[in-house]
Amino acid sequence: MKILVVEDEHKTGNYLKQGLMEAGFVVDLARDGIDGLHLALTEAFDLVILDVMLPGIDGWQVLQGIRRSGKDIPVLFLTARDDVDDRVKGLELGADDYLVKPFAFSELLARVRTLLRRGGKSKESDVLRAADLELDLLRRRVNRSGKKIDLTSKEFALLELLLRRQGEVLPRSLIASQVWDMNFDSDTNVIEVAIRRLRVKVDDNFEPKLIRTVRGMGYVLETND
Ligand code: CA
């Protein structure tokens, strides 16, 4: 899942980005409101974490811009003041939750997970499935045929993407941007390597095989039924 962090304070921004990446999210960091709004409107994110006090345009304007565009994406705002008016304003403008600085990272992570779960408006389940494979988004666990499978955070993100779009051939460039937050570079075989590792864990000892290579195109996860 992809999160946009809009935060001008370097230390806080880097800390948030690092922590969220370690928790398995793909993170884009914008250092001011103009960049933040531009990214929020032009790229696909599952959640925005928005500081209120920003140079350029402030967090409220970013939030208004996102809502005016009709985007339904969950927004968590960060405010330095424990001020009722501030919180009310944020929620009235269409934010989904807030945190008062300074906050514990564990608290932020808990809010993020709650919002992401709620964000799947269409009563999307917390568990993604294909055949006997299950990926639990909240507990961040994977099992197949009831056997627990340990994945790295990148492998987890990769499997999550394949499961969310099962039956669809995903080009390497899309996988690169969604899971590694990088542009596809033909010199790197990072995706091939990750797919191979994922297959060893998810497919090698099981039937049917779920992850397929479509030569010259990319990868697809599908059940043959
Ligand atoms: Ca700030």
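In listed order, ligands and their atoms are each counted from 1.
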NZ/NE/NH1/NH2 to OD/OE distance under 4.0 Å, Arg111 and Asp97 | yes
Is the shortest distance from a Lys or Arg side-chain nitrogen in Asp136 or Arg141 to a carboxylate oxygen in the other one below 4.0 Å?
-> no
Val27: side chain to side chain contact (heavy atoms under 4.5 Å, CB included) partners, not counting sequence neighbours = Val5, Lys17, Leu20, Met21, Phe25
Ignoring waters, how many protein N/O/S atoms are under 3.0 Å from the Ca ion (ligand 1)?
-> 3
Salt bridge flag under 4.0 Å for residues Arg144 and Glu134 | no
Which salt bridge (charged side-chain N to carboxylate O under 4.0 Å, His left out) pairs, counting each pair once, include a residue from residues 46-55, with sequence neighbours left out?
-> Asp51-Lys101
Tell me the side-chain hydrogen bond (donor to acceptor under 3.5 Å, both in side chains) pairs involving residues 209-218, sequence neighbours left out?
-> Arg199-Thr213, Glu207-Lys209, Arg212-Glu222
